[in-house]
K.L.:
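One structure, pasted below without further comment.
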Amino acid sequence: MTTELIATSKNKLWLAAIKPPMYSVAIMPIWVGTAVAVFETSTINWNIFTTFIAAAILILAWENILNDVFDSETGIDKNKHHSLVNLTENKSLILALGNSCLALAILGLLMICWWQQDLTVLGLILLCCGLGYLYQGPPFRLGYQGLGEFLCFFAFGPLGVSAAYYSQTQNWSWVCLATSIIVAIPITLVLFCSHFHQVDDDITAGKKSPIVRLGTERGAQLLPWFCASIFTLTGGFVIRGIFPIWTLLSFVAIPSAIKLCRHVSQYHNQPNLVSNSKFIAISVQFWSGLLLGMGFILH
């Protein structure tokens, strides 16, 4: 019985380390950027779309793995039992695994460039990877200065969504740029909410995350404004005729946004209870992104 409990606990730690729900963060920029391209051109290249999705998942895996490696060097993850480095006790193996994911992703992106005879998509995504490295990678570690959310916003928003759009059209679009802002906000919220439960560890490691700088109470007070901006911008773009009315389907995510704000407001200073807030934030970004893209396609 004890052996079974240990095995179950170990499996849960591995699942927490892999973080399957997090990969919707990689998928949504590609999905929405492609949806805008379909909206404007009425065509889709399925080979490019599926290859880009696979590459995006691999790049996020690389980033998550490298974050575990770099955090193990600063000691910030010493109490994080589901860190891949802590689980395997083999930092070199984890680093090699992460770099392998990046290499496979670049191979997929090169295929897209070959099909298009154009290196633009690769350039945009390498820029995203650069921002990802700046977040935790030495000697920069800009996430430790509280700049992670800014890097996340641009990598997963304007750059990521535009790359997906360009992969289908080899062109640029103001509609795509407007859409990328709406995609970026909920994805950035996922990172923002991940700080509430680890304030003590962040302070000990010298990490000045937004929640360390603001305090958990003020951070919780900002959440409703961030969440409201997602739906306010969408509604505003529909009223201006920039977005089709079907994109209002993304308002289905409002209950999840309300749940997130209430949950964090109630438990912001209780790490064990607020630790799942990032998963509620993932629900907000998943449904808002999925249905925003669906709205463009349905039109």
Side-chain angles (χ1 to χ4, degrees), residues 12-13 15-26 28 60 63-64 67-68 70-72 74-84 86 132 135-136 141-153 155-157 183-231 253-289:
K12 288 182 178 178
L13 287 175
L15 194 62
I18 297 170
K19 300 185 279 285
M22 288 292 292
Y23 288 90
S24 68
V25 168
M28 283 308 140
L60 187 61
E63 186 170 342
N64 287 337
N67 284 347
D68 275 4
F70 295 143
D71 281 343
S72 72
T74 65
I76 198 172
D77 275 357
K78 64 181 180 180
N79 297 319
K80 185 179 177 181
H81 302 298
H82 58 277
S83 161
L84 288 169
N86 291 341
Y135 172 59
Q136 291 287 63
R141 301 191 191 278
L142 296 186
Y144 281 69
Q145 306 306 316
L147 299 175
E149 278 69 13
F150 293 101
L151 299 173
C152 177
F153 181 92
F156 289 95
V183 172
I185 295 171
I187 290 178
T188 305
L189 277 180
V190 175
L191 178 59
F192 184 77
C193 289
S194 71
H195 299 304
F196 279 97
H197 71 287
Q198 56 187 35
V199 172
D200 290 340
D201 286 343
D202 285 352
I203 291 173
T204 301
K207 185 175 183 178
K208 300 174 183 177
S209 71
I211 302 305
V212 169
R213 291 179 180 273
L214 294 168
T216 59
E217 185 175 4
R218 289 180 65 190
Q221 290 170 351
L222 284 175
L223 269 185
W225 294 96
F226 289 137
C227 289
S229 69
I230 301 168
F231 308 106
I254 288 178
S256 293
I258 293 173
K259 179 181 178 181
L260 173 65
C261 295
R262 288 177 174 173
H263 182 79
V264 174
S265 177
Q266 184 174 0
Y267 300 118
H268 63 86
N269 59 351
Q270 301 179 55
N272 290 336
L273 295 176
V274 79
S275 62
N276 66 330
S277 61
K278 66 181 178 182
F279 295 108
I280 305 174
I282 287 173
S283 176
V284 175
Q285 74 86 26
F286 175 79
W287 289 111
S288 63

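Throughout, residue positions are numbered sequentially from 1 according to the sequence presented.
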K.L.:
Tell me, please, which residues at least two apart from Phe231 pass ring-ring contact (aromatic ring centres under 6.0 Å, His included).
P.N.:
Phe251
K.L.:
Please give me the minimum heavy-atom distance between Pro186 and Ser288, naming the atom from each residue.
P.N.:
CG-OG, 3.9 Å
K.L.:
Please name all residues satisfying side chain to side chain contact (heavy atoms under 4.5 Å, CB included) with Thr188, sequence neighbours left out, ordered by chain then number.
P.N.:
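Only Glu149, Cys152, Phe153 meet the side chain to side chain contact (heavy atoms under 4.5 Å, CB included) criterion with Thr188.
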K.L.:
Measure the spacing between SG of Cys261 and CG of Leu222 and express it to the nearest 0.5 Å.
P.N.:
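Going from SG on Cys261 over to CG on Leu222, the span is 10.5 Å.
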K.L.:
Do Tyr135 and Leu191 touch side chain to side chain, with heavy atoms closer than 4.5 Å?
P.N.:
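Touching, per the 4.5 Å side-chain cut-off.
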K.L.:
Minimum heavy-atom separation for Ile211 to Gly219, with atom names?
P.N.:
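Closest approach of Ile211 to Gly219, heavy atoms only: CD1-CA, 4.1 Å.
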K.L.:
Is there any side chain to side chain donor-acceptor pair (under 3.5 Å) pair reaching into residues 257-269, and which pairs are they, with sequence neighbours excluded?
P.N.:
Thr216-His268, His263-Asn276
K.L.:
Please report the shortest heavy-atom distance between Arg213 and Gln145, naming the atom on each side.
P.N.:
NH2-O, 3.0 Å
K.L.:
Who pairs with Gln285 by side-chain hydrogen bond (donor to acceptor under 3.5 Å, both in side chains), at least two apart in sequence or on another chain?
P.N.:
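For Gln285, the residues satisfying side-chain hydrogen bond (donor to acceptor under 3.5 Å, both in side chains) (neighbours in sequence not counted) are Ser24.
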K.L.:
What residue pairs, at least two apart or across chains, pass ring-ring contact (aromatic ring centres under 6.0 Å, His included) with a residue in residues 202-228?
P.N.:
Phe192-Phe226
K.L.:
Do you know which two heavy atoms are closest between Leu260 and Ser277, and how far apart they sit?
P.N.:
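Closest approach of Leu260 to Ser277, heavy atoms only: CD1-O, 3.4 Å.
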K.L.:
So does Lys278 get a backbone contact from the side chain of Ser194, meaning a donor-acceptor N/O pair under 3.5 Å?
P.N.:
no
K.L.:
Side chains of Phe286 and Val190, heavy atoms from C-beta outward: is any pair under 4.5 Å?
P.N.:
no
K.L.:
Within the 4.5 Å heavy-atom criterion, are His195 and Val212 side-chain neighbours or not?
P.N.:
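No; the side chains remain at least 4.5 Å from each other.
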